[in-house]
Amino acid sequence: MRTFWRREEVEERACSTLIEFQRRGGSVAPPIDVDTIGELVYDLHMDWDVIPEDRRTIWGGLYPRERRVVINETHKSKFIEKPGFERFTKGHEIGHWVLHVDQVSQEYPLLPGLELGQTILCRDGDNSWIERQANWYSGALLMPYDICLPIFKNSDLMEWKSLYQLADQFGVTITALRVRLRQLKLGFLNDENIILTESGGLSQISLV
(Lines give C-alpha, C1' and ligand atoms only; values in the text may rest on other atoms or scores of the structure.)
Protein backbone atom coordinates (compact mmCIF):
# COMPACT_ATOMS: atom_id res chain seq x y z
CA MET A 1 0.00 0.00 0.00
CA ARG A 2 1.12 3.55 -0.71
CA THR A 3 2.07 5.76 2.18
CA PHE A 4 1.26 9.12 0.60
CA TRP A 5 -1.68 10.38 -1.47
CA ARG A 6 -2.03 13.69 -3.25
CA ARG A 7 -5.40 15.39 -2.78
CA GLU A 8 -6.32 14.89 -6.44
CA GLU A 9 -5.63 11.16 -6.08
CA VAL A 10 -7.79 10.96 -2.96
CA GLU A 11 -10.54 12.69 -4.93
CA GLU A 12 -10.25 10.03 -7.61
CA ARG A 13 -10.52 7.22 -5.06
CA ALA A 14 -13.67 8.76 -3.60
CA CYS A 15 -15.09 9.10 -7.09
CA SER A 16 -14.30 5.43 -7.80
CA THR A 17 -16.16 4.49 -4.61
CA LEU A 18 -19.22 6.40 -5.77
CA ILE A 19 -19.07 4.87 -9.25
CA GLU A 20 -19.02 1.39 -7.69
CA PHE A 21 -21.87 2.41 -5.39
CA GLN A 22 -23.90 3.47 -8.43
CA ARG A 23 -23.05 0.22 -10.20
CA ARG A 24 -24.51 -1.67 -7.26
CA GLY A 25 -27.74 0.32 -7.38
CA GLY A 26 -26.94 3.17 -4.98
CA SER A 27 -27.88 6.80 -5.51
CA VAL A 28 -25.39 9.67 -5.41
CA ALA A 29 -28.07 12.32 -4.95
CA PRO A 30 -27.30 14.37 -1.82
CA PRO A 31 -27.30 13.63 1.02
CA ILE A 32 -25.25 10.58 0.05
CA ASP A 33 -25.95 7.46 2.11
CA VAL A 34 -22.54 6.91 3.68
CA ASP A 35 -23.70 3.96 5.81
CA THR A 36 -24.86 2.01 2.77
CA ILE A 37 -21.68 2.88 0.88
CA GLY A 38 -19.57 1.37 3.65
CA GLU A 39 -21.70 -1.76 3.85
CA LEU A 40 -22.48 -2.29 0.15
CA VAL A 41 -19.16 -1.38 -1.43
CA TYR A 42 -16.67 -2.43 1.26
CA ASP A 43 -18.59 -4.81 3.52
CA LEU A 44 -17.88 -2.56 6.51
CA HIS A 45 -20.23 -2.76 9.47
CA MET A 46 -21.21 0.59 11.01
CA ASP A 47 -21.42 0.39 14.79
CA TRP A 48 -21.64 2.37 18.02
CA ASP A 49 -19.42 1.41 20.94
CA VAL A 50 -17.49 3.01 23.78
CA ILE A 51 -13.90 3.66 22.74
CA PRO A 52 -11.59 4.20 25.74
CA GLU A 53 -9.80 7.54 25.62
CA ASP A 54 -6.50 8.74 26.99
CA ARG A 55 -5.90 12.49 27.10
CA ARG A 56 -7.60 13.30 23.80
CA THR A 57 -11.11 12.89 22.51
CA ILE A 58 -11.58 9.97 20.13
CA TRP A 59 -14.48 10.40 17.71
CA GLY A 60 -14.30 7.08 15.92
CA GLY A 61 -12.18 4.14 14.95
CA LEU A 62 -11.63 1.56 12.25
CA TYR A 63 -11.20 -2.12 13.15
CA PRO A 64 -9.98 -3.60 9.85
CA ARG A 65 -9.80 -7.26 10.86
CA GLU A 66 -13.42 -7.04 12.03
CA ARG A 67 -14.39 -4.85 9.04
CA ARG A 68 -16.01 -2.52 11.55
CA VAL A 69 -16.36 1.26 11.71
CA VAL A 70 -17.05 2.39 15.28
CA ILE A 71 -18.47 5.75 16.34
CA ASN A 72 -17.56 6.53 19.94
CA GLU A 73 -20.74 6.25 21.99
CA THR A 74 -19.15 8.39 24.70
CA HIS A 75 -19.86 11.42 22.51
CA LYS A 76 -23.25 10.33 21.19
CA SER A 77 -24.91 13.58 22.28
CA LYS A 78 -22.58 15.58 20.02
CA PHE A 79 -23.26 13.29 17.07
CA ILE A 80 -27.01 13.59 17.68
CA GLU A 81 -26.67 17.37 17.89
CA LYS A 82 -24.67 17.45 14.64
CA PRO A 83 -25.67 14.54 12.39
CA GLY A 84 -23.43 15.92 9.66
CA PHE A 85 -20.47 15.29 11.96
CA GLU A 86 -21.48 11.64 12.37
CA ARG A 87 -21.74 11.22 8.60
CA PHE A 88 -18.38 12.90 8.03
CA THR A 89 -16.74 10.70 10.68
CA LYS A 90 -18.06 7.57 8.96
CA GLY A 91 -16.79 8.83 5.61
CA HIS A 92 -13.44 9.53 7.28
CA GLU A 93 -13.19 5.94 8.55
CA ILE A 94 -14.12 4.58 5.12
CA GLY A 95 -11.31 6.76 3.81
CA HIS A 96 -8.86 5.02 6.14
CA TRP A 97 -10.07 1.67 4.82
CA VAL A 98 -9.62 2.72 1.19
CA LEU A 99 -6.33 4.59 1.59
CA HIS A 100 -4.48 3.14 4.56
CA VAL A 101 -5.43 -0.52 4.99
CA ASP A 102 -4.00 -3.42 3.04
CA GLN A 103 -7.32 -4.95 2.10
CA VAL A 104 -5.75 -8.15 0.75
CA SER A 105 -4.07 -9.18 4.00
CA GLN A 106 -6.18 -6.83 6.17
CA GLU A 107 -3.02 -5.61 7.83
CA TYR A 108 -1.74 -2.05 8.00
CA PRO A 109 0.92 -0.71 5.68
CA LEU A 110 4.04 0.69 7.28
CA LEU A 111 3.07 4.33 7.66
CA PRO A 112 5.43 6.81 9.33
CA GLY A 113 4.32 7.37 12.90
CA LEU A 114 1.70 4.62 12.82
CA GLU A 115 2.47 1.35 14.56
CA LEU A 116 1.01 -1.90 13.41
CA GLY A 117 -2.08 -2.78 15.40
CA GLN A 118 -5.73 -3.69 15.25
CA THR A 119 -7.31 -0.25 15.07
CA ILE A 120 -6.94 3.22 13.67
CA LEU A 121 -8.34 5.64 16.24
CA CYS A 122 -9.22 9.15 15.13
CA ARG A 123 -8.38 11.68 17.83
CA ASP A 124 -9.58 15.24 17.95
CA GLY A 125 -6.92 17.66 16.71
CA ASP A 126 -4.77 15.00 15.01
CA ASN A 127 -3.32 16.71 11.94
CA SER A 128 -1.17 13.84 10.68
CA TRP A 129 -1.06 13.10 6.98
CA ILE A 130 -3.25 10.03 7.20
CA GLU A 131 -5.89 12.04 9.07
CA ARG A 132 -5.77 14.81 6.46
CA GLN A 133 -6.11 12.27 3.68
CA ALA A 134 -9.09 10.60 5.36
CA ASN A 135 -10.71 14.03 5.75
CA TRP A 136 -10.14 14.81 2.06
CA TYR A 137 -11.71 11.49 1.15
CA SER A 138 -14.78 12.08 3.33
CA GLY A 139 -15.34 15.55 1.90
CA ALA A 140 -15.09 14.26 -1.66
CA LEU A 141 -17.35 11.30 -0.89
CA LEU A 142 -20.13 13.39 0.66
CA MET A 143 -19.77 16.34 -1.73
CA PRO A 144 -18.72 14.85 -5.10
CA TYR A 145 -17.14 17.33 -7.50
CA ASP A 146 -19.49 17.05 -10.46
CA ILE A 147 -22.58 17.02 -8.23
CA CYS A 148 -21.77 19.77 -5.76
CA LEU A 149 -19.98 22.20 -8.09
CA PRO A 150 -23.02 23.23 -10.18
CA ILE A 151 -25.13 23.46 -7.03
CA PHE A 152 -22.54 25.63 -5.32
CA LYS A 153 -22.14 27.88 -8.36
CA ASN A 154 -25.89 28.47 -8.46
CA SER A 155 -26.03 29.36 -4.76
CA ASP A 156 -25.33 32.62 -2.98
CA LEU A 157 -22.13 31.76 -1.13
CA MET A 158 -21.98 35.25 0.34
CA GLU A 159 -25.02 34.60 2.54
CA TRP A 160 -24.78 32.51 5.72
CA LYS A 161 -28.36 31.32 5.27
CA SER A 162 -27.44 29.85 1.88
CA LEU A 163 -24.32 28.19 3.29
CA TYR A 164 -26.30 26.48 6.03
CA GLN A 165 -28.92 25.36 3.50
CA LEU A 166 -26.17 23.77 1.42
CA ALA A 167 -24.74 22.05 4.48
CA ASP A 168 -28.20 20.62 5.23
CA GLN A 169 -28.67 19.55 1.60
CA PHE A 170 -25.43 17.54 1.60
CA GLY A 171 -25.80 16.37 5.20
CA VAL A 172 -22.48 17.84 6.36
CA THR A 173 -21.35 20.34 8.96
CA ILE A 174 -20.83 23.96 8.01
CA THR A 175 -17.10 23.45 8.65
CA ALA A 176 -16.89 20.56 6.18
CA LEU A 177 -18.81 22.60 3.61
CA ARG A 178 -16.47 25.57 3.93
CA VAL A 179 -13.40 23.35 3.56
CA ARG A 180 -14.91 21.91 0.38
CA LEU A 181 -15.63 25.38 -0.99
CA ARG A 182 -11.99 26.31 -0.49
CA GLN A 183 -10.88 23.16 -2.29
CA LEU A 184 -13.09 24.07 -5.26
CA LYS A 185 -11.74 27.66 -5.40
CA LEU A 186 -15.13 29.15 -4.57
CA GLY A 187 -15.38 32.32 -2.53
CA PHE A 188 -17.47 32.41 0.63
CA LEU A 189 -17.79 34.30 3.90
CA ASN A 190 -15.70 33.41 6.92
CA ASP A 191 -16.71 34.00 10.53
CA GLU A 192 -15.73 37.66 10.24
CA ASN A 193 -17.84 38.08 7.05
CA ILE A 194 -14.69 38.36 4.94
CA ILE A 195 -14.75 36.79 1.48
CA LEU A 196 -12.31 33.88 1.25
CA THR A 197 -10.96 32.26 -1.90
CA GLU A 198 -8.45 29.49 -2.53
CA SER A 199 -5.73 29.63 -5.17
CA GLY A 200 -5.48 25.85 -5.54
CA GLY A 201 -8.08 23.60 -7.08
CA LEU A 202 -9.10 20.24 -8.44
CA SER A 203 -9.39 19.00 -11.96
CA GLN A 204 -12.83 17.79 -12.97
CA ILE A 205 -13.69 14.17 -12.20
CA SER A 206 -16.95 12.77 -13.55
CA LEU A 207 -19.19 10.09 -12.07
CA VAL A 208 -20.48 9.16 -15.52
Side-chain angles (χ1 to χ4, degrees), residues 1-18 20-21 31-39 41-49 51 53 56-72 75 78-79 82-103 106-145 148 170-173 175-184 200 202 205:
M1 292 289 290
R2 292 170 51 185
T3 59
F4 180 79
W5 297 86
R6 291 183 294 111
R7 184 155 58 85
E8 292 80 3
E9 295 174 314
V10 174
E11 190 91 11
E12 291 173 358
R13 294 303 299 266
C15 183
S16 297
T17 297
L18 292 168
E20 179 62 19
F21 185 52
I32 290 173
D33 189 345
V34 66
D35 289 74
T36 304
I37 286 177
E39 294 169 1
V41 179
Y42 297 114
D43 193 27
L44 294 173
H45 177 60
M46 302 292 169
D47 198 7
W48 287 88
D49 203 348
I51 302 176
E53 297 176 330
R56 293 165 65 181
T57 298
I58 296 176
W59 300 116
L62 174 66
Y63 296 70
R65 294 182 181 91
E66 301 173 22
R67 304 186 80 101
R68 191 163 68 114
V69 168
V70 174
I71 304 300
N72 194 351
H75 305 291
K78 181 177 177 64
F79 289 113
K82 296 184 177 182
F85 183 48
E86 177 188 339
R87 287 165 40 76
F88 192 89
T89 301
K90 290 176 177 177
H92 177 103
E93 301 304 339
I94 295 172
H96 280 310
W97 174 264
V98 172
L99 302 172
H100 305 130
V101 171
D102 184 342
Q103 296 172 28
Q106 294 192 24
E107 294 179 354
Y108 297 110
L110 295 176
L111 294 171
L114 181 65
E115 297 179 356
L116 297 181
Q118 296 187 358
T119 62
I120 296 178
L121 299 179
C122 298
R123 294 174 170 84
D124 186 37
D126 188 344
N127 199 35
S128 64
W129 272 111
I130 66 167
E131 291 302 301
R132 293 186 201 179
Q133 293 161 6
N135 281 338
W136 295 342
Y137 179 93
S138 187
L141 187 73
L142 298 177
M143 293 170 280
Y145 182 98
C148 71
F170 284 90
V172 297
T173 64
T175 300
L177 173 72
R178 292 160 68 189
V179 169
R180 192 65 170 145
L181 289 171
R182 277 198 293 268
Q183 291 175 346
L184 299 178
L202 297 168
I205 302 170

Requested in this report: Walk me through it: do R180 and Y145 pass the test side-chain contact (heavy atoms from CB on, under 4.5 Å)?
Outcome: CA-CA 9 Å; R180 192 65 170 145; Y145 182 98; 4.2 Å; yes
**Report entry** Test log, rule side-chain contact (heavy atoms from CB on, under 4.5 Å), inputs L142 and F170
**Finding:** CA-CA 7 Å; L142 298 177; F170 284 90; 6.0 Å; no
Query - Residues N135, F88; criterion side-chain contact (heavy atoms from CB on, under 4.5 Å); working and verdict - result: CA-CA 8 Å; N135 281 338; F88 192 89; 3.3 Å; yes
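Aromatic pair W48/F79: centroids less than 6.0 angstrom apart.
The two atoms that bring P64 and L62 nearest to each other are CD-O, 3.2 Å, heavy atoms only. Counting all heavy atoms, side chain and backbone alike, L184 lies closest to C148 at CD1-SG, 3.6 Å. For the residue pair I120 and E131, the shortest heavy atom distance occurs at CG2-OE2, 4.4 Å. Nearest heavy atom pair, residue I94 against residue M46, reads CD1-CE, 3.8 Å. Looking at every heavy atom in both residues, G91 comes nearest to Y137 through O-CD2, 3.6 Å. Residue A14 comes nearest to A140 through the heavy atom pair CB-CB, 3.7 Å, listed as atom of the first residue, atom of the second, then distance.
Expressed to the nearest 0.5 Å, how far OG1 of T57 lies from CG of D124 amounts to 5.5 Å. To the nearest 0.5 Å, atom CD of residue E53 and atom NE2 of residue H75 are 3.5 Å apart. Note that CH2 of W5 and CD of E12 are 9.5 Å apart. Values are rounded to the nearest 0.5 Å. In this structure, L141 CG and K90 NZ are separated by 12.5 Å, a value rounded to the nearest 0.5 Å. To the nearest 0.5 angstrom, D47 atom CG is 5.0 Å from R68 atom CZ. How far CZ of R67 is from CD of E39: 12.0 Å, rounded to the nearest 0.5 Å.
Contact check for V98 versus Y42: side-chain heavy atoms found under the 4.5 Å cut-off. Residues F85 and T175 fail the side-chain proximity criterion, which asks for heavy atoms closer than 4.5 Å. Residues L18 and I32 meet the side-chain proximity criterion, which asks for heavy atoms closer than 4.5 Å. The closest side-chain heavy-atom distance from R56 to D126 is below 4.5 Å.
Residues satisfying the ring-ring contact (aromatic ring centres under 6.0 Å, His included) test with F21, not counting sequence neighbours, are none.
Note on E11 versus R7: no salt bridge recorded, every NZ/NE/NH1/NH2 to OD/OE distance being 4.0 Å or above.
The aromatic rings of H92 and H96 sit perpendicular, their planes meeting at an angle over 60°, well past the 30° parallel limit.
No donor-acceptor distance shorter than 3.5 angstrom exists from the side chain of D49 to the backbone of V70, with no hydrogens or angles considered.
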